[in-house]
Protein chains: 2
Amino acid sequence: MRPTSFDVAERAGVSQSTVSRALRNSPGVNAETRARVSAAARELGYVVDRHASSLRLKSSETIALVTICRPGEDRSAINPFYFALLGSIAAATSARGFNLLVSFQESEANFRADFVASGLADAMIVIGTTSNRAAWDYFADAQAAGFDFTCWGSPGDPFHWMRSDNDIGGRLAAEHLVARGRRILAFVGPQRSPQRQFDERRDGFIAALEARGITPLIAEPPAGPDRHAQGVAAARELLAAHPDIDGIFAASDMLALGVLQGIKETGRSVPGDVALIGFDGIRAGTLADPALTTLEPDLDAAGEALVAMALEDADHSRSGTRIPVRLAVRGTA
Amino acid sequence: MRPTSFDVAERAGVSQSTVSRALRNSPGVNAETRARVSAAARELGYVVDRHASSLRLKSSETIALVTICRPGEDRSAINPFYFALLGSIAAATSARGFNLLVSFQESEANFRADFVASGLADAMIVIGTTSNRAAWDYFADAQAAGFDFTCWGSPGDPFHWMRSDNDIGGRLAAEHLVARGRRILAFVGPQRSPQRQFDERRDGFIAALEARGITPLIAEPPAGPDRHAQGVAAARELLAAHPDIDGIFAASDMLALGVLQGIKETGRSVPGDVALIGFDGIRAGTLADPALTTLEPDLDAAGEALVAMALEDADHSRSGTRIPVRLAVRGTA
DNA sequence: CTGAAAGCGCTTACAG
DNA sequence: CTGAAAGCGCTTACAG
């Protein structure tokens with residue numbers, strides 16, 4: 001049986017309350033007593049029971065992170081951007097001494113928003129694909145029912161969200177392509193996606209180009225099993241219809257990686273014939289040939305800001321905050 | 001204030017014990033009573049407090065997953081194989097109705113093995129890089145001190161582990177390269193790594209080739225910041241010393257992706273001049289140009305087996321189990 | 001500085 | 001089938 005604080009107390013020759021105080025570093029415990037308690041705890045292999053402790057304290061010091069997946073999606077096929085964001089949220093969580101509970105959700109079978117209500121977590125963060133309509137409907141209902149959380153991206157209202165600075169990202173992409181001498185430009189991205197971030201990227205791109213008298217083509221990728229496949233098909237279609245395109249901005253890196261493959265398949269060179277910029281800064285972009293030029297959100301800042309907003313910001317005054325992005329110039333543009 | 005089972009009891013006009021029984025679906029509760037309790041709970045937005053429940057039950061229905069990182073490593077740079085494995089462990093965990101607590105650990109500052117001892121989890125799984133010597137020393141000590149867990153990979157003794165069927169993987173790689181007419185073959189992989197899996201892959205590869213009278217070159221990648229960089233450098237060195245090599249088996253996909261880049265940089269074509277096979281089946285391999293041929297462990301099986309071993313197998317009789325791998329033939333071989 | 005006691009919100013053996 | 005009560009292992013107000 002696991003030892004309790006009573007066992008430690010007996011061994012140290014003090015009361016159980018003193019054990020608790022000593023181990024929590026409460027003020028007003030004799031240094032010698034504290035040392036004796038610590039020694040006894042160590043000898044017995046005692047570890048405080050977190051359930052008892054959390055029950056008393058009414059705080060679990062843990063964050064719940066929900067990642068929304070595409071229905072039927074293999075977990076290993078989740079967009080790597082979300083794994084990277086998960087990693088930075090984990091770092092921010094751990095820096096506070098908090099635990100991280102993760103939950104991948106995709107359908108009615110496993111939708112859950114009660115991590116805070118059950119006391120399991122002190123706050124909840126929701127990230128993942130906005131393409132899962134049922135999931136976001138579920139979370140909208142949950143929020144209306146009083147389950148509170150903070151989102152990355154999200155379809156916008158009624159959620160409390162945080163996003164990349166997509167407008168600036170789109171503008172940076174436009175300016176870079178123009179500076180590289182490109183004039184026949186296209187944006188490739190979903191047009192009727194609930195993911196507002198795609199629209200923001202597109203609109204920043206368009207705005208910066210129009211200021212230079214350029215009107216980009218806007219290409220909606222054909223339906224496909226995933227963003228990469230959509231990108232391949234989009235590049236084929238686009239270059240068939242407009243063979244003289246010399247620069248493309250794709251709404252996300254996975255899409256851009258597909259576009260890259262699609263361009264190469266037409267026999268064109270990148271960036272020689274067509275320059276290409278993505279968005280997200282995923283690791284796989286650095287492995288492409290040539291390496292993908294992209295807009296890279298500051299993920300450390302994103303993780304930290306999401307955790308801070310979830311934990312410390314009950315009125316969500318940070319909602320709508322933007323995470324800075326930088327242009328990572330690599331091989332494709 | 002969050003409602004408790006006493007609030008529900010009052011509203012439903014029953015005792016608190018009846019609320020608990022009704023909500024846990026205990027046998028011997030009148031159907032009509034159960035319905036009244038459920039309704040009251042719903043109306044109040046009541047959710048069972050997991051800390052109180054776990055404290056009573058002495059079980060938290062959660063798995064703790066520790067991922068060991070390289071010291072100083074950016075969380076977004078973690079080998080995608082481990083993120084994929086995390087995803088499949090999450091799926092297996094969720095299929096049992098369990099929660100998943102994740103912890104990325106890299107140095108003394110955040111090493112922790114007490115998730116089970118504190119009651120936070122019912123079992124612990126450890127995955128991640130074997131290159132972090134300090135971490136594995138820590139977990140070896142923890143195990144000796146009675147903290148129990150199950151590992152993926154691991155440096156071997158004294159851990160309870162589960163791995164890919166690396167021997168078969170190495171043999172499949174050998175047979176495929178030979179079937180493709182390749183005769184001057186090399187294995188690229190760390191030679192003094194605590195990661196026993198690399199040695200197993202190499203030895204299976206060598207054994208299958210020797211049966212055909214071929215002796216492969218064994219190349220240790222030069223030191224580098226990550227596996228990809230090591231792969232690039234290894235390919236350069238290897239092809240400079242042995243320009244006639246026509247087939248390479250790399251110990252992991254990240255290494256293989258580096259090797260791919262290194263080969264191309266020498267002006268050789270893949271698979272025309274040099275065929276290449278990796279190991280792990282990471283998503284980024286499918287995005288390479290050409291797509292990486294690789295040995296793909298059955299990750300769903302791995303996640304399920306790890307969770308089963310951690311949870312149901314106190315004597316670790318499954319330790320040493322092998323996860324099947326299949327050859328995914330894509331573009332590089 | 002330390003101890004005895006109450007209480008966090010459940011689950012379940014016991015009694016009816 | 002249902003209720004009153006004990007107890008899971010802590011933390012901390014209260015008293016000394």
Side-chain angles (χ1 to χ4, degrees), chain A residues 1-38 40-41 44-62 97 99 114-122, chain B residues 1-38 40-41 44-62 97 99 114-122:
Chain A
M1 289 282 65
R2 277 170 48 199
T4 71
S5 52
F6 285 90
D7 300 316
V8 177
E10 189 178 351
R11 182 168 191 115
V14 297
S15 74
Q16 181 271 338
S17 6
T18 297
V19 170
S20 178
R21 285 199 199 90
L23 264 23
R24 300 202 89 221
N25 287 322
S26 301
V29 176
N30 182 296
E32 196 265 330
T33 307
R34 193 187 298 277
R36 221 164 59 247
V37 169
S38 299
L44 292 175
Y46 171 75
V47 179
V48 173
D49 184 299
R50 290 300 298 268
H51 296 302
S53 169
S54 295
L55 177 59
R56 221 8 266 253
L57 258 17
K58 287 173 164 297
S59 152
S60 56
E61 307 217 304
T62 113
N99 293 120
D114 63 358
F115 297 98
V116 174
S118 68
L120 230 31
D122 296 334
Chain B
M1 290 279 69
R2 276 172 47 199
T4 70
S5 52
F6 285 90
D7 299 316
V8 177
E10 189 178 351
R11 182 168 192 115
V14 296
S15 74
Q16 182 271 338
S17 7
T18 297
V19 170
S20 178
R21 284 196 199 93
L23 264 24
R24 301 203 87 220
N25 287 322
S26 301
V29 176
N30 183 295
E32 195 267 329
T33 307
R34 192 186 300 276
R36 221 164 58 244
V37 170
S38 299
L44 291 175
Y46 171 75
V47 179
V48 173
D49 183 300
R50 289 301 297 269
H51 295 301
S53 169
S54 294
L55 177 59
R56 221 10 267 251
L57 259 17
K58 286 172 163 298
S59 151
S60 56
E61 306 217 305
T62 113
N99 293 121
D114 63 357
F115 297 98
V116 174
S118 67
L120 229 31
D122 296 335

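As the structure is a prediction and not an experimental result, all values here were calculated from the model.
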Atom [atom1] of [X] and atom [atom2] of [N]: how far apart are they, to the nearest Å?
X        : N       : atom1 : atom2 : result
His51(B) : dG9(C)  : NE2   : P     : 12 Å
Leu55(B) : dG7(D)  : CG    : P     : 14 Å
Asp7(A)  : dC8(D)  : CG    : C1'   : 14 Å
Glu10(B) : dG9(C)  : CD    : P     : 15 Å
Phe6(A)  : dT2(C)  : CZ    : C1'   : 15 Å
Arg56(A) : dC10(D) : CZ    : C1'   : 8 Å
Leu57(B) : dG7(D)  : CG    : P     : 17 Å
Arg21(B) : dA4(D)  : CZ    : P     : 11 Å

**OP:** Between Arg24(A) and Asn30(B), just flag the one whose closest nucleotide in DNA chain D comes earlier from the 5' side.
**Re:** Asn30(B)

Subject >> Most 5' of Thr33(A) and Gln16(A) on DNA chain C, judged by nearest nucleotide >> reply: Thr33(A)

Subject >> Most 5' of Lys58(A) and Gly28(A) on DNA chain C, judged by nearest nucleotide >> reply: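 The 5'-side residue here is Gly28(A).
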
**OP:** For Glu10(A), look at atom CD and say whether over 12 heavy atoms of other residues, nucleotides or ligands are found less than 6.0 Å away.
**Re:** no

Original post:
Out of dG3(C), dG9(D), dG3(D), which nucleotide sits closest to the side chain of Ser15(A)?
Top reply: dG3(C)

**OP:** Before giving the answer on side-chain hydrogen bond (donor to acceptor under 3.5 Å, both in side chains), spell out for Ser17(A) and Ser20(A) the whole-Å C-alpha distance, their side-chain angles and the decisive distance to 0.1 Å.
**Re:** CA-CA 5 Å; Ser17(A) 6; Ser20(A) 178; over 6 Å; no

For a quick test of reading the model: is some side-chain N or O of [X] closer than 4.0 Å to OP1 or OP2 of [N]?
X        : N       : result
Ser53(A) : dC10(D) : no
Arg50(A) : dC10(D) : no
Thr18(A) : dG3(C)  : yes
Ser5(B)  : dG9(C)  : no

Original post:
Got a donor-acceptor pair under 3.5 Å from the side chain of Ser17(A) to the base of dA4(C)?
Top reply: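 Per atom types, the contact qualifies.
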
Original post:
For dA15(C), which nucleotide in any strand shown is its Watson-Crick or wobble partner with both distances under 3.5 Å?
Top reply: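 Pair assignment: dA15(C) / dT2(D).
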
**OP:** Name the nucleic acid region contacted by Ser20(A), choosing base, sugar-phosphate or nothing; use a 4.0 angstrom heavy-atom cut-off, strictly under.
**Re:** base

Original post:
Between Asp7(B) and Arg2(B), is there a side-chain N and carboxylate O pair less than 4.0 Å apart?
Top reply: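 Salt bridge absent between Asp7(B) and Arg2(B).
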
Original post:
Minimum heavy-atom separation for Ser60(A) to Ser54(A), with atom names?
Top reply: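 That would be CA-OG, 3.6 Å.
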
Subject >> dT12(D) to dG16(D) separation - C1' atoms, rounded to the nearest Å >> reply: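 Going atom to atom, C1' in each nucleotide, I get 16 Å.
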
Original post:
Would a distance-only check, ignoring hydrogens and angles, find a side-chain to backbone donor-acceptor pair under 3.5 Å from Ser118(A) to Asp114(A)?
Top reply: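 Such a contact is found between Ser118(A) side chain and Asp114(A) backbone.
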
